[in-house]
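Counting from 1, the numbers follow the sequence of the chain as shown. Quick caveat: nothing in here was measured; it's all calculated off a predicted structure.
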Amino acid sequence: MKKMLAPALAVALTVGGTAMAQAPAPMSAQASSPQAMGWMQGSPPAADKTIRFTDPDFFAFPKLRWTVCNFRQLMPTVGVDNGSQGASTLPTALDASLDQVSFTPLGTDKKMSWKAAFDANYSDGVIVLHHGRVVYERYDGCLGPQALHGAMSVTKSLTGLLAEVLVAEGQLDENARVGTLIPELQASAFGDATVRQVMDMTTALDYSENYADPNAEVWTYAKAGSPLPPPPGYTGPRSYFEFLQTVKKKGEHGAAFGYKTVNADTLGWLIARTTGKSVAQELSERLWSRLGTEREAFYTVDSIGTPFAGGGFNATLRDMARLGQLMLNDGRWGDEQLVPPEAIAHIRHGGKKDIFARADYKLLPGWSYASLWWISNDDHGAYAARGVHGQTLWVDPKADMVIVRFASHPVAANAASDPTSLPAYRAVANHLMAHDKTPLLGQAWVIEAIAGGGLIDNSHVTLQFLPDGRLAGSATCNRILGRYEAEATKLRIKPAGTTMMMCPPALMHQERKLLDLLPTVASYRIDSTGALVLSTAGGQTILARRSQGG
């Protein structure tokens with residue numbers, strides 16, 4: 001039973017070097033593809049090409065290259081409804097030059113191209129959004145535009161995001177003791193931990209995810225989460241909820257970062273207890289059904305139907321890109337604020353570097369961890385959701401870029417793919433910024449001056465140029481509804497109107513001043529400081545800078 005459970009749950013539970021790495025496989029990405037291997041082809045497939053959940057190696061390389069796209073065929077799942085509104089448009093402006101972007105992998109002095117990195121990382125699919133447009137999209141292996149792929153521990157970051165929403169709304173107290181909110185956990189290690197310590201994985205747990213140790217607690221966790229009947233004589237926990245109650249404390253909470261998946265499932269329980277809904281229901285109602293996602297997503301579940309909040313989420317590449325764009329947009333999607341901006345800001349701020357450093361991630365110097373997200377703390381403010389075998393959702397606010405990669409790397413730990421991934425993401429970001437032909441697009445521009453005059457303190461005036469020619473933003477009290485046309489440095493703005501909320505006379509005067517000036521704008525430039533200068537034919541100007549998103 002232990003060997004059978006290890007492939008699926010063990011690799012899904014960990015990330016970033018804490019898992020026991022499988023020996024690198026000799027087969028190339030092309031040779032190990034599901035098509036080349038012939039997995040599950042034919043009606044019925046040949047006996048030696050059949051993959052079953054009960055196979056001890058169903059999630060070992062090279063079978064995993066088929067399995068990552070077919071969890072729903074192998075085990076019980078619960079759907080994440082995508083609603084009935086239809087898919088939202090992802091504007092496309094493919095940039096063929098990205099394949100030739102080069103970078104130097106960590107630990108080497110030999111250049112590699114973005115195109116070569118696709119196969120080097122056993123990628124099943126990669127998508128790049130810039131200014132909200134698809135500039136790169138490629139599939140291989142088991143994946144296609146409509147296929148769903150296991151996100152592995154990227155799932156944790158979705159759980160963290162939902163928790164941050166509840167904290168921002170005042171529904172979940174980040175300083176509350178877990179045992180107070182979930183009495184069943186009072187006697188466990190989580191009982192005297194705060195919600196925030198669970199969210200940031202700074203709990204002190206007598207729990208090991210060392211798969212080389214046959215007595216590690218992860219094996220009991222794996223058995224508890226299995227949807228299969230227990231083996232004869234087994235009397236241990238039969239669900240995630242039951243196992244979490246058995247975890248013991250070791251040390252002091254808050255002293256150090258320790259990556260342990262049980263934190264994510266505890267947070268999933270906190271979300272369910274707070275809202276009365278599972279993480280699958282909460283994700284659907286909060287985000288998935290409102291993002292214009294193309295397909296229903298799903299979670300794998302335990303024997304009582306509890307979604308695996310630490311690693312069981314599956315979705316399409318494009319739908320994960322939509323989620324990444326929501327993060328980049330500070331929680332806004334179209335005209336709706338789906339996530340409170342302060343929730344995104346807290347994630348981007350990250351945790352304490354010194355606490356993270358104690359975990360000794362040698363490839364992630366200067367990083368931190370917060371809300372179940374990985375924060376690079378680089379000068380781009382990049383942060384990520386990460387999962388074993390190469391799953392990544394990468395958000396770069398400065399470059400206004402989102403990268404999503406689904407993969408089936410033969411080595412579980414991200415330490416195997418980070419050398420050819422982390423510098424590649426930065427190289428693509430730098431390339432997009434250096435060759436940006438649409439600099440108006442992207443994050444909102446925050447207006448600092450109108451016709452040479454400053455703004456009233458604490459007033460919020462913004463402009464956002466969207467890929468489809470729409471203009472949005474805040475005129476001061478009301479939202480702007482309009483369109484624009486841009487060619488080279490020429491710019492025409494045609495505001496169609498605003499919402500109709502009234503506010504104090506001084507603010508209304510400022511709003512009217514802006515609305516009167518916008519239709520007279522004739523050109524724009526971005527100066528050496530990064531400021532946007534809109535100029536009218538009469539010589540008046542509007543000065544703005546990029547939103548920093550918290």
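- In the model, N121 has no side-chain atom that pairs as donor or acceptor with a side-chain atom of S417 under 3.5 Å.
- Using a 3.5 Å distance cut-off with no hydrogens or angles, the side chains of E294 and T316 do not pair a donor with an acceptor.
- Environment of CZ in R332: crowded, with over 12 heavy atoms of neighbouring residues, nucleotides or ligands closer than 6.0 Å.
- Using modelled atom types, one finds a donor on one side chain and an acceptor on the other under 3.5 Å when comparing Y259 with K156.
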#### Entry: Worked verdict on H130 versus D95 for side-chain hydrogen bond (donor to acceptor under 3.5 Å, both in side chains)
CA-CA 10 Å; H130 186 226; D95 183 352; over 6 Å; no

### Query
Does the side-chain contact (heavy atoms from CB on, under 4.5 Å) test come out yes or no for L162 and T275, once each step is laid out?
CA-CA 11 Å; L162 291 176; T275 65; over 6 Å; no

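- Here the CZ atom belonging to F406 is positioned 12.0 Å from the OG atom belonging to S123, to the nearest 0.5 angstrom.
- Checked against the 6.0 Å centroid threshold, F313 and W288 count as a close aromatic pair.
- In this structure the side chain of L491 reaches within 4.5 angstrom of the side chain of L440, judged on heavy atoms.
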### Task
Please assess H380 against N430 for the test side-chain contact (heavy atoms from CB on, under 4.5 Å), listing each intermediate value before the final yes or no.
CA-CA 10 Å; H380 279 206; N430 289 341; 3.5 Å; yes

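- The line from CZ of R483 to CG of L466 is 9.5 Å long, rounded to the nearest 0.5 Å.
- Minimum interatomic distance between A407 and Q391 (heavy atoms only, all atoms of both residues): O-NE2, 2.7 Å.
- No side-chain donor-acceptor contact under 3.5 Å links S289 to the backbone of D81.
- T104 contributes no side-chain N or O that, together with a main-chain N or O of K110, makes up a donor-acceptor pair within less than 3.5 Å.
- For the pair L422/L364, a side-chain contact is recorded, criterion being any heavy-atom separation below 4.5 Å from C-beta on.
- Between D396 and R426, none of the side-chain N atoms (NZ, or NE/NH1/NH2) sits under 4.0 Å from a carboxylate O, so this pair counts as no salt bridge.
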### Task
May I have the step-by-step check of side-chain contact (heavy atoms from CB on, under 4.5 Å) for L363 and N414, ending in yes or no?
CA-CA 10 Å; L363 296 179; N414 275 325; over 6 Å; no

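- Minimum heavy-atom separation, A384 to W394: CB-CE3, 3.6 Å.
- For the salt bridge (Lys or Arg N to Asp or Glu O under 4.0 Å) with D124, the lone residue among R138, R65, R405 that qualifies is R65.
- The existence of a salt bridge linking K494 and E485 is confirmed by a sub-4.0 Å separation between a basic side-chain nitrogen and an acidic carboxylate oxygen.
- Residues W269 and V198 form no side-chain contact, since every pair of their non-hydrogen atoms from C-beta on lies 4.5 Å or further apart.
- Side-chain contact, S97 with H431: a donor N or O sits under 3.5 Å from an acceptor N or O.
- Between F71 and F59, the gap from one ring centroid to the other is short of 6.0 Å.
- Annotation: Q85, atom CD; neighbour count of heavy atoms from other residues, nucleotides and ligands within 6.0 Å does not exceed 12.
- E137 contributes no side-chain N or O that, together with a main-chain N or O of V126, makes up a donor-acceptor pair within less than 3.5 Å.
- No donor-acceptor pair under 3.5 Å is formed between the side chain of D119 and the backbone N or O of Y122.
- Between Y240 and F308, the ring planes lie parallel to each other; the angle is under 30°, not in the 30° to 60° tilted range.
- Of the possible donor and acceptor atoms, none in the side chain of S33 sits under 3.5 Å from a partner among the backbone N and O of A29.
- Between T438 atom OG1 and R133 atom CZ the span is 3.5 Å, to the nearest 0.5 Å.
- The distance from the CZ atom of R322 to the CG atom of L317 is 10.5 Å, given to the nearest 0.5 Å.
- Within the model, atoms CG of D319 and CG of L148 stand 8.0 Å from one another, a figure rounded to the nearest 0.5 Å.
- Nearest approach of M37 to A31, heavy atoms of both residues: SD-O, 3.5 Å.
- Close placement of the Y361 and W374 rings is indicated, their centers lying within 6.0 Å of each other.
- A cation-pi geometry, defined here as NZ or CZ lying under 6.0 Å from the six-membered ring centre and within 45° of its normal, does not hold between R545 and W445.
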### Query
Does the side-chain contact (heavy atoms from CB on, under 4.5 Å) test come out yes or no for V68 and H389, once each step is laid out?
CA-CA 10 Å; V68 288; H389 297 287; 5.9 Å; no

